[in-house]
Amino acid sequence: MVAYNSSYEWDVRREICEVGKRLYDQFFIAGNDGNISVRLSENEILITPTGVNKGMMRPEMILKISPEGELIEALVGGKPSSETRMHLIIYRHRPDIRAVVHAHPPTATGFAVAGFGLDKPFLPEVVVRTGPTLLVPYAIPGGDELPESLVPHLEGRDALLLANHGVVAYSKKLWDAQANLETVELNARILLTAHQLGNVEYLSDEQVRALEKRYRG
Ligand code: 13P
């Protein structure tokens with residue numbers, strides 16, 4: 001039995017479990033899908049274990065690794081996510097980022113399967129919140145190429161669509177990364193609805209500039 005305490009690390013471990021449960025309850029993941037990490041400090045990252053249901057984790061199951069991916073602590077065993085390198089490359093190239101969430105939200109992932117990004121401005125949220133959500137070409141999940149394929153696209157946007165795979169979202173705080181992922185899924189549902197209704201009115205360049213001026217200064 002692991003004794004819980006109220007330290008920051010244990011708060012984060014509990015938050016990771018809460019986000020995992022929310023992803024599972026939202027049906028953004030099934031089975032053992034998805035992974036979540038939080039950068040605790042310069043030298044320590046907490047990450048979900050591979051091959052477990054992320055909706056049913058306990059705080060002690062979360063693993064601690066270094067920024068190079070070496071295992072620091074596994075309180076009750078387990079191995080870090082097979083997608084660890086994807087998380088690490090985001091932290092390496094975006095020093096401002098402290099949390100990464102990867103899942104397979106069905107409508108956004110449907111766009112990623114159909115070969116469509118969500119990168120044209122059709123809602124203010126697309127402009128001011130996540131940035132345009134590009135579709136990054138397919139690479140094998142957990143393989144060497146996937147993390148590298150993200151690098152050119154990480155700056156200036158806080159979520160990416162992964163072709164034939166899912167969504168990865170990131171932010172300064174875990175719940176903000178989760179919110180970015182949810183925004184991408186909601187955007188996908190809205191765009192799909194507009195397509196079904198037979199028309200999409202994209203925001204003009206002028207409207208985009210006005211939004212950027214107002215919300216991004
Ligand atoms: P892990 O359980 O290894 O994190 O993998 C889940 C997943 O979604 C792979 O794309």
Side-chain angles (χ1 to χ4, degrees), residues 12-40 44-92 97-115 133-151 153-154 159-171 174 177-178 180-182 184-185 188:
V12 175
R13 286 173 178 268
R14 277 188 281 268
E15 254 185 37
I16 291 174
C17 297
E18 283 167 26
V19 168
K21 183 172 182 325
R22 184 170 168 91
L23 289 172
Y24 189 65
D25 291 347
Q26 289 172 309
F27 212 48
F28 285 11
I29 52 174
N32 298 333
D33 295 346
N35 26 74
I36 305 159
S37 71
V38 171
R39 174 153 51 187
L40 279 181
E44 294 182 331
I45 292 161
L46 290 177
I47 192 158
T48 47
T50 186
V52 309
N53 186 310
K54 311 309 181 308
M56 300 178 190
M57 297 182 297
R58 297 185 310 280
E60 62 269 25
M61 293 166 70
I62 308 302
L63 301 149
K64 197 185 288 179
I65 59 173
S66 74
E68 290 73 41
E70 290 141 5
L71 185 63
I72 298 175
E73 192 171 57
L75 293 172
V76 291
K79 289 190 180 148
S81 168
S82 57
E83 307 261 38
T84 292
R85 276 173 296 174
M86 175 170 77
H87 292 244
L88 297 183
I89 212 147
I90 294 171
Y91 293 127
R92 203 166 303 147
I97 293 300
R98 301 196 77 85
V100 178
V101 179
H102 164 59
H104 307 155
T107 309
T109 304
F111 275 75
V113 171
T133 311
L134 293 186
L135 179 63
V136 180
Y138 178 75
I140 293 181
D144 290 333
E145 283 157 24
L146 177 59
E148 289 301 328
S149 71
L150 305 186
V151 174
H153 312 295
L154 290 171
L160 291 167
L161 277 178
L162 311 175
N164 300 86
H165 186 175
V167 178
V168 63
Y170 34 95
S171 194
L174 179 53
Q178 170 67 13
N180 286 342
L181 191 112
E182 291 176 6
V184 171
E185 173 65 5

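We count ligands from 1, going down the list as the structure has it; atoms in each ligand are counted the same way.
Ligand 1 has no N or O atom lying under 3.5 Å from any N or O atom of Thr48, backbone or side chain. The N/O atoms of Gly34, backbone and side chain alike, include one that comes under 3.5 Å of an N/O atom in ligand 1. For ligand 1, one of its N or O atoms has an N or O atom of Gly51 under 3.5 Å away. For a threshold of 3.5 Å applied to N or O pairs, the pair formed by Asp33 and ligand 1 contains no separation below that value.
If you look at Thr50 next to ligand 1, the close heavy atoms, those under 4.0 Å, come from the backbone and the side chain alike.
Taken from CE in Met61 to CG in Leu75, the straight-line distance is 11.5 Å, to the nearest 0.5 Å. The line from CG of Leu40 to CD1 of Ile45 is 8.5 Å long, rounded to the nearest 0.5 Å. If you take OG1 on Thr50 and CG on Asn35, they are separated by 8.0 Å, rounding to the nearest 0.5 Å.
When atom types are taken as modelled, the side chain of Asn32 and the backbone of Asn53 share a donor-acceptor pair closer than 3.5 angstrom.
Evaluated for a side chain to side chain donor-acceptor pair (under 3.5 Å) with Gln178, the options Gln26, Glu18, Glu15 yield exactly one hit, Gln26.
More than 12 heavy atoms of other residues, nucleotides or ligands sit less than 6.0 Å from atom CD of Glu73.
The Asn35 neighbourhood of ligand 1 comprises atoms 1 (P), 4 (O), 5 (O), 6 (C), 7 (C), with distances under 4.0 Å to a heavy atom of that residue. Less than 4.0 angstrom separates some heavy atom of His165 from each of these atoms of ligand 1: 10 (O). Heavy-atom contacts of His104 reach the following atoms of ligand 1: 8 (O), 10 (O) (cutoff under 4.0 Å). Atom numbering of ligand 1 starts at 1 in the shown order; those under 4.0 Å from a heavy atom of Ser81 are 1 (P), 3 (O), 4 (O). When each atom of ligand 1 is checked for a heavy atom of Lys54 under 4.0 Å away, the hits are 1 (P), 2 (O), 4 (O).
Side-chain atoms of His165 and His102 include a donor-acceptor pair closer than 3.5 Å.
Using a non-hydrogen distance threshold of 4.0 Å, Asn32 registers as a contact of ligand 1.
Among all protein heavy atoms, the one lying closest to atom 9 (C) of ligand 1 is Glu83 OE2, 3.2 Å. The protein non-hydrogen atom at the shortest distance from atom 5 (O) of ligand 1 is Ser82 OG, 3.4 Å.
Two residues are said to be in side-chain contact when any heavy atoms from C-beta on lie closer than 4.5 Å; Lys54 and Leu23 fail this criterion.
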Could you go through Leu150 and Leu162, starting from their C-alpha distance and side-chain angles, then the distance that decides it, and tell me whether this counts as side-chain contact (heavy atoms from CB on, under 4.5 Å)? CA-CA 9 Å; Leu150 305 186; Leu162 311 175; 3.6 Å; yes
